[in-house]
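When reading the values below, keep in mind they use all heavy atoms of this one structure, side chains included, and skip hydrogens, waters and symmetry mates.
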Amino acid sequence: MPTIRLPHNWKPRAYQLPLWRYLENGGKRALAVWHRRAGKDDLCLNFTACQAMQKVGNYWHMLPEAAQARKAIWKAVNPHTGKKRIDEAFPLEIRKSTNDTEMFIEFINGSSWQVLGSDNYNSQVGSTPRGIVFSEWALADPNAWAYMRPILAENGGWALFITTPRGRNHAKSMYDAATKAMGEDGSWFCQKLTAEQTGVFTKETLESELRELIAEMGEEEGTAKYLQEYFCSFDAALPGAYYGKEMNAAEQEERIRILPYDRRYPVYPVFDLGFGDSTAILFCQVIAGELRVIDYHESSGQSVPFYAKLMRDKPYVLGKLILPHDAGTGSVRTGNTIEQQFNDLGFETEVLPVVSRDAGIKTARTTLAITCFHSTNCERLIECLRHYHREWDDKNKVFRPTPKHDWSSHGSDAYRYAAEAFNAGLMDPENTSNKDEKPSDAPIGPQGWMA
């Protein structure tokens with residue numbers, strides 16, 4: 001058997017050495033916010049190859065979606081060599097088998113490596129990876145890390161996050177936390193590298209890229225894309241984002257904070273119903289002309305009785321349940337509507353009329369100017385609203401007219417319904433029997449309970 005040296009025909013560039021050395025020395029958590037074409041995925045593939053042969057285990061390379069993972073990693077070809085990226089990092093000599101359908105490689109020592117979509121993280125129940133690369137982390141569902149973190153903590157595994165920014169979302173929060181941890185105890189490695197720092201591109205090439213992006217996407221969107229891709233700006237808005245400016249304004253005006261639950265006013269649960277995917281619920285109060293979102297829940301695969309118990313277990317005086325128009329459509333199997341099922345369990349309901357998505361988004365944008373969010377209870381919702389965006393059609397060089405359906409859709413749709421209900425006067429602040437009580441000044445705890 002020929003001798004194979006790993007990394008195979010690859011070595012880190014000078015600016016990649018700090019991260020490479022940290023990982024080689026046993027580092028467990030790293031975030032690399034590097035500009036486009038800085039070699040993020042190549043470094044990760046080669047490091048994983050070394051790890052897989054040194055420590056038997058399962059290793060994953062995750063992108064936001066499986067189709068994206070197949071294109072960007074599994075099928076990707078190095079333009080400089082004409083070879084597939086996975087063949088360069090994982091030479092055939094160290095493989096036992098390769099499964100194209102599953103994007104799965106088994107190595108001769110018993111280790112395995114697989115390309116996956118982080119949008120389907122909960123399908124990996126029972127898996128115990130020793131190392132995970134989260135590529136394009138700023139576009140991924142942040143719940144993927146929350147789900148995988150305990151597994152890696154238990155088995156001493158490592159996690160490597162690589163990305164360019166996409167606004168001030170969960171990747172920015174991780175960057176801030178990782179930077180702090182790096183300085184305090186060295187438990188994280190964190191680095192941001194711009195195109196000016198690495199020297200990968202000439203000044204002329206960067207200027208050309210900016211001109212082309214502006215020509216394709218317009219001045220505002222093109223400049224934002226350029227600043228994110230090449231200068232790693234977290235402040236540039238996510239191109240195509242519906243609510244980016246409005247959410248930034250909410251943060252700047254301190255409307256994202258710990259909100260008290262005022263028991264004098266009813267709490268209106270507003271639903272986005274998931275048929276086969278997630279159901280999202282906002283818990284809203286209307287006080288002094290403001291829409292206050294004090295709590296948020298999202299889950300999948302649950303029944304009406306589950307949500308009924310969830311709402312009754314909250315310490316809230318509930319108003320009517322606000323349901324989307326499809327709650328009034330009967331089940332093919334039973335004929336019962338979602339509305340009827342909630343009514344049978346003793347809840348008052350209000351079903352929203354059909355409103356076009358575009359009209360609803362306009363209403364949501366206007367309403368965001370007078371909306372406050374509980375910063376911890378609604379963290380997931382806030383991320384959804386920041387991320388919700390139109391998809392860029394790279395072939396036709398236009399934004400598609402409809403939102404991209406991904407992890408952010410359910411929370412964003414639920415907020416849209418809340419905005420519609422608020423503007424239609426369906427959340428009546430006078431509808432309460434608790435007006436004589438004093439307002440509570442105790443903040444709600446992380447799970448919606450009184451602290």
Side-chain angles (χ1 to χ4, degrees), residues 242-251 253-257 259-273 279-298 307 311 314 316-328 338-339 342 347-375 377-378 380-386 388 403 408-435 439 444 448:
Y242 284 100
Y243 306 130
K245 291 180 180 178
E246 290 79 6
M247 294 305 295
N248 285 342
E251 183 175 19
E253 295 167 11
E254 298 184 349
R255 288 186 284 109
I256 300 175
R257 62 183 190 273
L259 288 173
Y261 160 48
D262 192 333
R263 61 172 57 93
R264 298 177 303 165
Y265 295 87
V267 174
Y268 295 91
V270 183
F271 282 72
D272 172 59
L273 297 169
T279 288
I281 312 172
L282 275 66
F283 293 87
C284 305
Q285 292 191 288
V286 176
I287 302 174
E290 289 183 334
L291 177 61
R292 299 186 182 184
V293 188
I294 62 171
D295 207 349
Y296 178 73
H297 173 85
E298 185 178 320
Y307 294 113
M311 289 185 289
K314 299 285 187 181
Y316 307 143
V317 176
L318 296 180
K320 288 183 178 180
L321 311 190
I322 308 296
L323 303 173
H325 65 88
D326 49 359
I338 298 295
E339 180 186 23
F342 276 121
F347 292 93
E348 288 188 76
T349 57
E350 185 81 43
V351 176
L352 293 171
V354 177
V355 175
S356 73
R357 182 186 282 110
D358 287 347
I361 287 173
K362 289 179 181 177
T363 299
R365 279 176 168 156
T366 301
T367 308
L368 277 169
I370 51 172
T371 301
C372 300
F373 298 92
H374 193 295
S375 56
N377 291 353
C378 299
R380 169 74 170 184
L381 172 64
I382 293 163
E383 296 290 357
C384 290
L385 292 169
R386 288 190 182 281
Y388 191 56
S408 68
S409 301
H410 313 294
S412 298
D413 286 344
Y415 177 79
R416 173 161 54 89
Y417 296 141
E420 291 173 10
F422 173 80
N423 283 274
L426 300 180
M427 300 183 193
D428 182 3
E430 299 301 319
N431 181 23
T432 177
S433 59
N434 302 290
K435 277 298 186 81
I444 305 166

Margin query: For Y296, give me all partners under side chain to side chain donor-acceptor pair (under 3.5 Å), at least two apart in sequence or on another chain.
Written below: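 E298.
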Check: With R386, which residues qualify under side chain to side chain donor-acceptor pair (under 3.5 Å), at least two apart?
Finding: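 With sequence neighbours excluded, R386 shows a side chain to side chain donor-acceptor pair (under 3.5 Å) to N248, E251, given in chain and number order.
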Check: residues 281-292 side-chain donor-acceptor pairs under 3.5 Å, at least two apart:
unit_1, atom_1, unit_2, atom_2, d
Q285, OE1, D262, N, 3.4
Q285, NE2, D262, O, 2.7
Q285, NE2, Y265, O, 2.8
E290, OE1, R292, NE, 3.1
E290, OE1, R292, NH2, 3.3

Margin query: For D272, give me all partners under salt bridge (charged side-chain N to carboxylate O under 4.0 Å, His left out), at least two apart in sequence or on another chain.
Written below: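 In terms of salt bridge (charged side-chain N to carboxylate O under 4.0 Å, His left out), with neighbours along the sequence ignored, D272 is linked to no residue.
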With [X], which residues qualify under ring-ring contact (aromatic ring centres under 6.0 Å, His included), at least two apart?
X    : answer
Y388 : Y242, Y243
F271 : F342
H297 : none

Item checked: R416 side chain near I361 side chain, heavy-atom distance below 4.5 Å ->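 The answer is yes, as the side chains (C-beta and beyond) meet within the 4.5 Å cut-off.
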Next item on the list: Would you mind listing every side chain to side chain donor-acceptor pair (under 3.5 Å) that reaches into residues 361-371, with sequence neighbours excluded?
Entry: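 Output for this query lists T367-N423, T371-Y415.
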Item checked: L368 backbone acceptor or donor facing R255 side chain under 3.5 Å ->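 Such a contact is found between R255 side chain and L368 backbone.
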Notebook entry, point to check: A359: what forms a side-chain contact (heavy atoms from CB on, under 4.5 Å) with it, not counting sequence neighbours?
Noted result: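 Once residues adjacent in sequence are excluded, the partners of A359 under the side-chain contact (heavy atoms from CB on, under 4.5 Å) criterion are V355, S356.
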Next item on the list: Taking side-chain contact (heavy atoms from CB on, under 4.5 Å) as the test, write out the residues that go with E350, two or more places apart.
Entry: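 Applying side-chain contact (heavy atoms from CB on, under 4.5 Å) to E350 gives K320, I322, L426.
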Item checked: Minimum-distance pair of heavy atoms, taken over all atoms of C372 and R257 ->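 C372 and R257 have their closest heavy atoms at SG-NH1, 3.7 Å.
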